[in-house]
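Okay, so here's the structure we're looking at.
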Amino acid sequence: MTMMSSIAVLGGGAWGTALAQTCARAGRKVMLWEHDAGNAQQLANARESLFLPGVKLEPAIQVTRDLAEAARADAILLVIPAQVLRAVVSQLAPLIAPRTPLIACAKGIERGTHRFMTEIIAECAPEAVPAILSGPSFAADVARGLPTAVTIAATDAAVAEALAQAINCGSFRPYHSTDVRGVELGGATKNVLAIAAGIVEGKKLGASALAAMTTRGFAELVRFGKAYGAKTETMMGLSGLGDLILTCGTPQSRNFSFGMALGKGESVDTASHGKLAEGAFTAPVLLEMAHAKNIEMPISEAVAAVLAGQTTVDAAIGALLTRPLKSEL
Ligand SMILES: NC(=O)C1=CN([C@@H]2O[C@H](COP(=O)(O)OP(=O)(O)OC[C@H]3O[C@@H](n4cnc5c(N)ncnc54)[C@H](OP(=O)(O)O)[C@@H]3O)[C@@H](O)[C@H]2O)C=CC1
Ligand SMILES: O=C(CO)COP(=O)(O)O
């Protein structure tokens with residue numbers, strides 16, 4: 001694979017801005033594409049994203065609203081919410097050169113179709129090379145250059161390795177992998193579990209309950225992953241267990257803080273406080289996919305039921321605690 005000297009980042013939200021910073025620090029020529037006029041203006045003039053206030057863009061980052069300009073890059077990071085990925089990749093597909101790597105950075109599964117992020121890329125841009133970036137990494141930490149490790153996966157090992165090289169900058173350390181499904185599935189699933197962990201915190205159920213929830217949540221992630229083709233080692237790595245530990249442990253996670261608000265009695269409609277909590281979108285589709293393969297996921301099921309208004313937080317906790325006793329394994 002040839003050297004990737006230019007990288008486009010689609011999405012000037014929190015994570016897109018942080019990844020643009022990283023790519024610039026890695027010495028790449030960076031084009032940051034933002035669809036919203038107000039945020040694009042803020043990025044270009046104030047050199048700050050509305051989603052990541054206080055972080056000044058590296059001078060090497062150019063901002064554009066022209067998708068065709070961004071499409072000329074050697075590799076493109078797709079840093080937009082999971083549910084809009086299809087629309088953006090469909091617009092992008094006719095503009096890119098064949099074999100351009102398109103790296104999904106969203107953590108979700110498409111509602112309605114049950115498609116993982118790289119499946120959407122393969123469908124909408126068949127000439128591109130799909131890849132996925134995921135792992136324990138808060139945008140605010142990465143943007144400030146704090147040490148972070150993530151995983152980047154593509155089916156071709158050489159592509160994954162070249163992408164990892166291209167975005168590696170001292171503090172931001174990407175491991176490479178060919179287990180695409182394992183990497184994308186971990187990130188999507190842990191967001192739902194982080195909502196459950198936040199509920200535990202919001203209800204003040206204690207540190208022991210939080211550890212139990214996180215561990216039994218990981219058991220659900222592994223069951224789901226095995227059924228959908230993930231490697232066990234991947235689920236035990238950065239994009240699975242690593243990200244689960246991160247987002248189940250701090251209100252810095254938007255999914256966790258969404259759950260915390262629910263646990264404190266806020267309504268589903270207001271609990272996100274206007275921030276993106278991907279797990280809320282993933283929960284119902286995760287459950288449909290679990291049911292399709294008869295996989296038991298009681299914690300995820302409880303989150304989905306609370307979000308759909310089918311049960312209350314208290315009733316869901318009571319139901320989880322009174323399930324019949326069973327073998328741990
Ligand atoms: N923040 C983080 O720490 C991390 C986030 N992620 C993942 O990255 C993904 C993006 O998250 P994040 O950047 O934090 O979210 P933000 O809400 O901060 O930003 C989302 C960005 O996507 C844009 N967007 C929304 N709809 C569209 C659309 N239809 N077309 C084009 N752009 C659109 C938004 O623009 P606007 O709203 O102005 O329309 C905004 O610029 C999520 O899947 C998240 O799970 C992964 C790792 C870390
Ligand atoms: O995925 C993340 C960190 O790895 C970000 O988590 P939140 O989307 O919950 O903030």
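As the structure lists them, so they are numbered: ligands from 1, and atoms in each ligand from 1. Predicted, not measured: the structure shown is a model, and the values here were computed from it.
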- Phe224 and Lys293: CA distance, side-chain angles, deciding distance, side chain to side chain contact (heavy atoms under 4.5 Å, CB included) verdict: CA-CA 9 Å; Phe224 183 77; Lys293 295 209 183 212; over 6 Å; no
- Message: Pair Met289, Ile295 - check side chain to side chain contact (heavy atoms under 4.5 Å, CB included), show working.
- Response: CA-CA 8 Å; Met289 292 173 75; Ile295 308 158; over 6 Å; no
- Task: Say whether Asp74 and Ser5, considering side chains only, have a donor N or O and an acceptor N or O under 3.5 Å apart.
- Result: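 The criterion, which ignores hydrogens and geometry beyond distance, is satisfied for Ser5 and Asp74.
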- Query: Is there a donor-acceptor contact under 3.5 Å linking the side chains of Glu119 and His114?
  - Reply: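 There is no such pair between these side chains.
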Below 4.0 angstrom from a heavy atom of [X], which ligand 1 atoms are there? Numbered from 1 as shown, please.
{"X": "Cys105", "result": "7 (C), 8 (O), 46 (C)"}
{"X": "Lys107", "result": "43 (O), 45 (O), 46 (C), 47 (C)"}
{"X": "Ser137", "result": "3 (O), 47 (C), 48 (C)"}
{"X": "Ala106", "result": "9 (C), 43 (O)"}
{"X": "Phe138", "result": "3 (O)"}
{"X": "Glu34", "result": "35 (O), 38 (O), 41 (O)"}

- Message: Taking Arg25 first and then Glu58, would you say they form a salt bridge - that is, a charged N and a carboxylate O separated by under 4.0 Å?
- Response: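 Between Glu58 and Arg25 there is a salt bridge, with a charged N closer than 4.0 Å to a carboxylate O.
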- Salt-bridge criterion met for Arg115 and Glu184 (N-O under 4.0 Å):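 Salt bridge: no.
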- Under a 4.0 Å heavy-atom limit, does Leu246 contact ligand 2 with its side chain, its backbone, both, or neither?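 Only the side chain of Leu246 comes within reach of ligand 2.
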- Task: Between Pro136 and ligand 2, find which residue part has any heavy-atom pair under 4.0 Å and reply side chain, backbone, both or neither.
- Result: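 The backbone, only.
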- Could you walk me through whether His35 and Leu67 pass the side chain to side chain contact (heavy atoms under 4.5 Å, CB included) check? CA-CA 9 Å; His35 80 138; Leu67 195 56; over 6 Å; no
Flag side-chain contact, heavy atom, 4.5 Å: [X] against [Y]:
{"X": "Leu307", "Y": "Leu262", "value": "yes"}
{"X": "Trp15", "Y": "Leu133", "value": "yes"}
{"X": "Asp243", "Y": "Lys107", "value": "yes"}
{"X": "Leu287", "Y": "Ser300", "value": "yes"}

Minimum-distance protein heavy atom relative to [atom]:
{"atom": "atom 19 (O) of ligand 1", "answer": "Gly13 CA, 3.2 Å"}
{"atom": "atom 1 (O) of ligand 2", "answer": "Lys107 NZ, 2.7 Å"}
{"atom": "atom 43 (O) of ligand 1", "answer": "Glu278 OE2, 2.6 Å"}
{"atom": "atom 13 (O) of ligand 1", "answer": "Trp15 N, 2.9 Å"}
{"atom": "atom 11 (O) of ligand 1", "answer": "Leu276 CD2, 3.6 Å"}
{"atom": "atom 3 (C) of ligand 2", "answer": "Ser137 O, 3.4 Å"}
{"atom": "atom 4 (O) of ligand 2", "answer": "Asp243 OD1, 2.7 Å"}
{"atom": "atom 18 (O) of ligand 1", "answer": "Ala14 N, 2.8 Å"}
{"atom": "atom 16 (P) of ligand 1", "answer": "Phe51 CD2, 3.7 Å"}
{"atom": "atom 8 (O) of ligand 2", "answer": "Arg254 NH2, 3.0 Å"}

Of [options], which has the heavy atom at the shortest distance from [atom]?
{"atom": "atom 29 (N) of ligand 1", "options": "Val84, Asp243, Asp36", "value": "Val84"}
{"atom": "atom 30 (N) of ligand 1", "options": "Gln91, Lys190, His35, Gln252", "value": "His35"}
{"atom": "atom 22 (O) of ligand 1", "options": "Gly12, Gly11, Pro81", "value": "Pro81"}

If we only count N/O pairs under 3.5 Å, is [X] in contact with ligand 2?
{"X": "Thr247", "answer": "no"}
{"X": "Leu276", "answer": "no"}
{"X": "Asn191", "answer": "no"}

- Task: Please confirm whether Ala139 comes within less than 3.5 Å of ligand 1 when only nitrogen or oxygen atoms on both sides are compared.
- Result: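 Yes, at least one N or O pair falls under 3.5 Å.
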Looking only at atom types and distance, does a side-chain atom of [X] sit under 3.5 Å from a main-chain N or O of [Y], one as donor and one as acceptor?
{"X": "Arg223", "Y": "Glu296", "value": "yes"}
{"X": "Gln252", "Y": "Phe138", "value": "no"}
{"X": "Glu278", "Y": "Ala82", "value": "yes"}

Ligand 2 atoms in contact with [X] (distance to a heavy atom under 4.0 Å):
{"X": "Lys190", "value": "1 (O), 2 (C), 6 (O)"}
{"X": "Asn255", "value": "7 (P), 8 (O), 9 (O)"}
{"X": "Gly135", "value": "4 (O)"}
{"X": "Ser253", "value": "7 (P), 9 (O), 10 (O)"}

- Sub-4.0 Å heavy-atom approach of Arg254 to ligand 1: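 Heavy atoms of Arg254 do come under 4.0 Å of ligand 1.
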- Task: Test Glu34 against Asn39 for side-chain hydrogen bond (donor to acceptor under 3.5 Å, both in side chains), laying out the working first.
- Result: CA-CA 7 Å; Glu34 165 61 43; Asn39 194 27; 3.3 Å; yes
- Message: Below a 4.0 angstrom heavy-atom separation, can you tell me which part of Val88, side chain or backbone, both or neither, approaches ligand 1?
- Response: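 Side chain only.
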- Examine Arg254 relative to Phe258 and say whether NZ or CZ is less than 6.0 Å from the centre of the six-membered ring and inside a 45° cone about the ring axis.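 Negative - Arg254 is either too far from the ring of Phe258 or too far off its axis.
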- Answer yes if Ile103 and Met117 sit in the same cluster of Ile, Leu, Val, Met, Phe, Trp and Tyr residues linked by side chain heavy atoms under 4.5 Å apart, and no otherwise.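 No; tracing contacts between hydrophobic side chains, which count when under 4.5 Å, never links both residues.
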- For Phe256 and Thr250, run side chain to side chain contact (heavy atoms under 4.5 Å, CB included): C-alpha distance rounded to whole Å, both residues' side-chain angles, the deciding distance at 0.1 Å, then the answer. CA-CA 7 Å; Phe256 185 95; Thr250 165; 5.8 Å; no
